Novice: 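Can you read through this structure? Questions will come right after.
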Amino acid sequence: MIPEILKANCRSGFPETRRPRSGFDKSMKYQVTIGDKKFEVDINGDDPTITVNGRKVVVDHRRYKGGKLHSLLADNVRFEFDLERSNGGYDIWHSSGSMFAEVVDEKTNRLRKLMGETGAASKLAQLKAPMPGLVVAVQVKPGQEVKKGDGLVIVEAMKMENELKATGAGKVKEIKVKRGQAVEKNEVLVVFE
Amino acid sequence: MIPEILKANCRSGFPETRRPRSGFDKSMKYQVTIGDKKFEVDINGDDPTITVNGRKVVVDHRRYKGGKLHSLLADNVRFEFDLERSNGGYDIWHSSGSMFAEVVDEKTNRLRKLMGETGAASKLAQLKAPMPGLVVAVQVKPGQEVKKGDGLVIVEAMKMENELKATGAGKVKEIKVKRGQAVEKNEVLVVFE
Amino acid sequence: MFKKVLIANRGEIAIRVIRACRDLGIRSAAVFSDADRGALHVRLADEAYYIGPPPSTESYLVIDKIIDVAKKSGAEGIHPGYGFLAENAKFARACSDAGIVFVGPPPDAIEMMGDKMAARKAMIAADVPIVPGTEEPVEREEQAINIAKEIGFPILIKAAAGGGGKGMRIVAEESEIKSGVRGARSEAKSAFGDDRIYIEKYLARPRHIEIQVIADTHGNCVYLGERECSIQRRHQKVIEEAPSPLVDEVMRKKMGEAAVAAARAAGYFNAGTVEFLADQDKNFYFLEMNTRLQVEHPVTELITGIDLATEQIRVASGERLSFEQDDVRIRGHAIECRIYAEDPLSGFLPSTGLLRGYQEPSGPGIRVDSGVYEGAEISVFYDPMISKLLSYGKDRKQAITRMLRALEEYRITGVANNIEFHKDILKHPEFIAGNLSTHFIDEHYRPAEEPVSEIEEAAAVTVALAEHEVRNKVTLSSLKKNVTSSWKMSWRPGSEFNKK
Amino acid sequence: MFKKVLIANRGEIAIRVIRACRDLGIRSAAVFSDADRGALHVRLADEAYYIGPPPSTESYLVIDKIIDVAKKSGAEGIHPGYGFLAENAKFARACSDAGIVFVGPPPDAIEMMGDKMAARKAMIAADVPIVPGTEEPVEREEQAINIAKEIGFPILIKAAAGGGGKGMRIVAEESEIKSGVRGARSEAKSAFGDDRIYIEKYLARPRHIEIQVIADTHGNCVYLGERECSIQRRHQKVIEEAPSPLVDEVMRKKMGEAAVAAARAAGYFNAGTVEFLADQDKNFYFLEMNTRLQVEHPVTELITGIDLATEQIRVASGERLSFEQDDVRIRGHAIECRIYAEDPLSGFLPSTGLLRGYQEPSGPGIRVDSGVYEGAEISVFYDPMISKLLSYGKDRKQAITRMLRALEEYRITGVANNIEFHKDILKHPEFIAGNLSTHFIDEHYRPAEEPVSEIEEAAAVTVALAEHEVRNKVTLSSLKKNVTSSWKMSWRPGSEFNKK
């Protein structure tokens, strides 16, 4: 079986494909969370006029380059994003950086609210290695309170020592690595309470 | 099901993949036909030393960019080809042009010879439209003998009139299009006897 | 200065203007047909407006649509690029009627220079040398025969509204005149909607040399040296260079002053090019004036250091030229190779399709003005130009050397292209010696019939190895061992194989 | 001249040398580790030789392997690029022992300039101004404290074998000295295998200005103006420009002559760079000499029109310099932005992975020296530089404007990059005013914490539309209707959808 996402990618690789005129649900509300900002996007079938946080916008959205390149004209203003499925959401690459978006439809969102979930939690949970490398120093101990910006672990990679800092406040629960240890990208180094 | 060729493409997309050390047939002979030239290529499992028309060459062959980009080092000389499956063979794009290759293994080749097939026949069989366009003139008639370089059909495309010429000698059997007709790329325009 | 400019064009020239706008701090608005929604000019502009179906007659050439989206966008100026509406006086007038500045010359100048007859008359009056020929359009075929006899064969039949080689016929003897007139007329009719033709003396082995001029609305007009554009195929330029190997300081000054006289005679402002035919004895004759930015303008930018596209917009907004004639200094040598999706081995037949692989050259002395990207489509609807490859060096030799290096680096797969053709020309002893004429291709270009056998052999080996790999299906697990973790990270979407 | 040159390097500098070789008609042979088989330098070279596993200590740094493949290839010269073996005197000697020309200075000059202490001594003897500090390596921490007290705080602790900011510590007060010495020593040990350190006065708000020199083996030595490289992060240059906004004709001549004196004192030939620290009053002090082609050499190429890499190879082959001091003319202004795969918002942490999308800028005044392509991997094993983006303009203002335009056009996805960082710097009023110092980043760079809300909103809309599209599974047939035939032609391999 071709996974669903691959189908989507291949399909949207056709440069000339217009947004199809049929087969879409009549109306759909999506809640998109980027960082601590939330965007309500209402899409009505294949109507080019959508609303975002209540404001009407005329959009023209296409995919190119095998589906990864998303071109958006929003009221004729040009945007370009490279979208990559990641952790149930999307990694969004754009010309000036990257961000992560979580997207849920209205139904799921309502359900979640009922169940008391908070959506994309942004509290300090764990420190992951941003690249493969060698741990040259661990600067914290279990039980230690840290605040945003505190140095946690130094990883040597690409011939440079990189100090990984806390992105928020928290209390160290467990150190998963020790000095001299080689780590993979995204390997968990420190767990917080 | 993922078609076999897609698998091959995806698999070879790993840039760091070395030619694997196992699972290959011990020895295999291929006959590759490009134009009117034939090349016998002997490959012995994953041995980097192969022979081409009896001459030994040390090769390092990898695929990049989703499998389409083939990099070959032949006795350390660098070549690069973009291979695309086409009509049971391969379209080969390289930095100075393109060509078509037919490839058969030894067994198939022997079988073919027994059955009296000639392999990639290069005689004038039909004229296809090299691009979509409009037929503005047909310059030959059924029964007419043509020689290499004779004008056959004029197709207007990209705002220019393009005279399609005979690539060899032959006798016109049938004209498939008429003046004013729009044609697709690769549509057959003239059939030869 | 404008705050927003609409670019009524596509491809590399639209991108050239987007870059000029950015350099001036102006917002750029692109237009696109259905075929161009994913085109590079749309990807690079700040805004983009849909203007209709792929055929240019239903989109890029529809004056009302362009004016409408210009108004909608709030653009204060429209840059027409080259081709399409660039030399359409009606469009220039429609712009000013809509209160939008047309980034180009006054409509009257476009009209005068667009009418070859009127232009010739004006040039005669302004003492600019012209090629002997008719001053009025030729009506009947008999008339054509008489004129031809008068000025002598060979003659050239040209469309009055023409350009780019369309509606053009060379006639060597009387018997060919009738079919030549008919052919030129019908081609002119379909290309320009105007079947008037005229006749002039056909110069044997002429060189095509043109002078770039730019004028402001305050009466200043400056020439920026010449470009030699003798290397042509299908009557269209493919290689241009500046300075010309033929032109010395004396000839440059004479031609430059003639070009300025031509521009002044037309009441010209903004950028324009006065084209001349020159013989090997350095005589030159006015051919026509192109009332727009030329395809080959970058060679002039490279040798003068003057940015023509930004200067155009500055002048259009009413500013004075930022330099005078004496400030113009020529340094080094520049060459442009037009890279087309076409097959030189089949009579330069255009090629269309997906750019499967696309990697541009770079490095010292190289500039690429392109309108495509890997994965983009070369469409059947428009000019099959992929890019303009430019080289710059301290002298002609270095410019050629660098161009050959860049051609060697350029990787284009999926469509036919003329890179090998350019290499053949640039390596030709006559080209290296600077012995150019508009017949260069016919006289000297002999494409290699066969690819180099070394490449064929390597291709055969590659095909065999590829086939071998496919037949001996390798299990995933044996492959995964060698894959680094970072790769695994990035190969996520769309791959079956990382899901086990 | 050589017929073949081996390039003992990778990435953009290997490609720079390949281009120089092509310009000279020399065959180029690349080397590659397992991680680089598909790297761009391998794709562009004429030949390529495997030299071992990814870690550079097992491949690019192994002298024997390099010499072996050079012999095997039949190369007559080896160009070391920068980094790796470029400033390794042992390697230069191994080349000449093997009968191969090292494209660089004589081993003795490398050795002398590589030893900071020896270099300082030689400079004192040659009357080249130096920063006050130790002339001998510092042995014990107590010794360091005494020296520091003598020359006054702040002081700088540097590795004797150092370069590129490694093994470097700034110490503001006595209490920090011990840890500073220890840190610098251990970093120096692991980076260079040599833990000798020395101490010098730390200049507050210095500017880093360097002079390019080139000398032949016939006793000619010429300076090619200065480059200002004050914009640094992690003690590494990120933005360089030429000429320096600080330097006038008088200062240029003084610095140039000092640089030539420094080179002569070392018995130098080939290209080299003499680095100076300068204060805002135009005093300057010898810092070190880099005995190789610098990363930032293209800014000098752009303003002088001299091709440094080809000139290097010419000189190495025994030719005389093709120009004299009086021929060197500076025209215009050039800037280089080093584009790194790193995250400026996380302390410039390097980023690795697949370049999902990669589109380089181009157009007037832009040159990109890069070592990557779309689909290539930024590997963990080497320097995370993606490219050197260069702009050239008639003056500093135009160079900045064009650089900002190019940064705006540049599209890199899949790895973090510092494009926004460069934009922030280039738009900063102090940068525009030319008020630079090596502390510029610390003092002035304040990254925007939040992305522009307009982009976030557009991203949210795009995500919602993408999700909407995926959920409302469109049947293939409805899509195929709109697909042009040429597209279908080219989409053949690997696609399920054209097989019905």
Side-chain angles (χ1 to χ4, degrees), chain B residues 2 4-5 8 10-18 20 22-25 28 30 32 34-35 37 39 41 43 50 52 57 59 61 63 65 68-70 72 74 79-84 90 92-99 101 103 105 130-133 157-160 162-165 185, chain C residues 166 187 191 234 343 345-353 356-357 380-384 408 410-414 416-417 419-420 423 450-476 478-479 482-484 487 491 494-497:
Chain B
I2 297 187
E4 211 49 53
I5 179 64
C10 285
R11 176 218 302 152
S12 48
F14 302 130
E16 301 82 1
T17 307
R18 313 228 43 179
S22 67
F24 271 49
D25 276 7
M28 204 75 169
Y30 296 92
V32 183
I34 296 175
K37 290 189 198 156
F39 301 88
V41 185
I43 304 174
I50 63 157
V52 50
V57 184
V59 296
H61 165 247
R63 300 182 184 211
K65 303 201 69 146
K68 70 183 173 186
L69 178 68
H70 291 248
L72 179 76
F79 296 93
E80 204 172 278
F81 302 101
D82 182 346
L83 259 54
E84 185 180 12
Y90 291 90
I92 303 167
W93 302 92
H94 58 105
S95 61
S96 32
S98 64
M99 39 200 176
V103 54
D105 59 31
M131 68 255 159
M158 290 157 152
K159 320 221 139 188
M160 275 183 291
N162 307 289
E163 185 172 52
L164 308 180
K165 292 172 181 173
K185 185 172 174 174
Chain C
K166 282 160 205 156
E187 217 171 294
R234 286 173 171 252
D343 187 1
L345 303 182
S346 317
F348 304 99
L349 218 57
S351 177
T352 60
R356 287 171 54 88
V380 66
F381 298 107
Y382 314 110
D383 186 74
E408 189 64 38
Y410 215 144
R411 305 284 162 89
I412 302 172
T413 63
N417 63 71
I419 286 178
E420 278 305 297
K423 283 192 214 163
E450 302 277 305
V452 183
S453 64
E454 181 190 41
I455 291 176
E456 280 183 332
E457 189 184 89
V461 168
T462 304
V463 163
L465 287 165
E467 186 74 13
H468 191 62
E469 209 176 60
V470 171
R471 291 186 184 206
N472 293 272
K473 292 150 201 146
V474 190
T475 58
L476 178 62
S478 77
L479 280 158
N482 292 299
V483 174
T484 70
W487 171 262
W491 187 245
S495 166
E496 178 80 276
F497 305 111

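Since the structure is predicted, the reported quantities are computational estimates derived from the model, not experimental observations.
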Novice: Below 4.5 Å from any heavy atom of chain C, which atoms of B:A74 appear? Answer side chain, backbone, both or neither.
Specialist: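 Neither part; nothing is under 4.5 Å.
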Novice: Walk me through whether C:L465 and B:V59 qualify under side chain to side chain contact (heavy atoms under 4.5 Å, CB included).
Specialist: CA-CA 9 Å; C:L465 287 165; B:V59 296; 3.9 Å; yes
Novice: Between chain C and each of B:L72, B:D82, B:V41, B:V32, count heavy-atom pairs under 4.5 Å; write down the option with the most.
Specialist: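 Highest number of pairs under 4.5 Å: B:D82.
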Novice: Can you name the closest pair of heavy atoms from B:H70 and C:A466 and give their distance?
Specialist: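 Heavy atoms only, the tightest pair is CE1-CB, 3.6 Å.
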Novice: What is the minimum heavy-atom distance between B:W93 and C:A416, and which atoms define it?
Specialist: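 Minimum heavy-atom separation between B:W93 and C:A416: CZ3-N, 3.9 Å.
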Novice: Heavy atoms, side chains only, cut-off 4.5 Å: are B:F81 and C:I455 in contact?
Specialist: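 Yes, their side chains come closer than 4.5 Å.
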Novice: Which pair of non-hydrogen atoms, one from C:A459 and one from B:I34, has the smallest distance, and what is that distance?
Specialist: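 That closest heavy-atom pairing would be CB-CD1, 4.1 Å.
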Novice: Out of curiosity, B:S98 OG to C:L345 CG, how far, rounded to the nearest 0.5 Å?
Specialist: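 Here the interatomic distance stands at 9.0 Å.
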Novice: For B:Y90 and C:E467, which heavy atoms make the closest approach, and how far apart are they?
Specialist: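 Closest approach of B:Y90 to C:E467, heavy atoms only: OH-OE1, 2.7 Å.
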Novice: Would you indicate whether B:K165, at its atom NZ, is surrounded by more than 12 heavy atoms from other residues, nucleotides or ligands within a distance under 6.0 Å?
Specialist: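 It does not: B:K165 NZ has 12 such atoms or fewer within range.
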Novice: What is the distance from atom CD of C:E456 to atom CE of B:M99, rounded to the nearest 0.5 Å?
Specialist: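 Separation between the atoms: 5.5 Å.
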Novice: Any non-hydrogen side-chain atom of C:T413 less than 4.5 Å from a side-chain atom of B:L69?
Specialist: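 Side-chain contact under 4.5 Å: no.
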Novice: Where on C:A464 is there a heavy atom nearer than 4.5 Å to chain B: the side chain, the backbone, both, or neither?
Specialist: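 When you check distances to chain B, atoms from both the backbone and side chain of C:A464 fall under 4.5 Å.
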Novice: Passes side chain to side chain contact (heavy atoms under 4.5 Å, CB included), C:R471 versus B:D105? Steps please.
Specialist: CA-CA 10 Å; C:R471 291 186 184 206; B:D105 59 31; 2.3 Å; yes
Novice: Between the main-chain N or O of C:R356 and the side-chain N or O of B:K68, is there a donor-acceptor pair closer than 3.5 Å?
Specialist: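 Yes; at least one donor-acceptor contact below 3.5 Å.
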Novice: For B:S95 versus C:E420, what's the shortest heavy-atom pair and its separation?
Specialist: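 In this case the closest contact between B:S95 and C:E420 is O-OE2, 4.5 Å.
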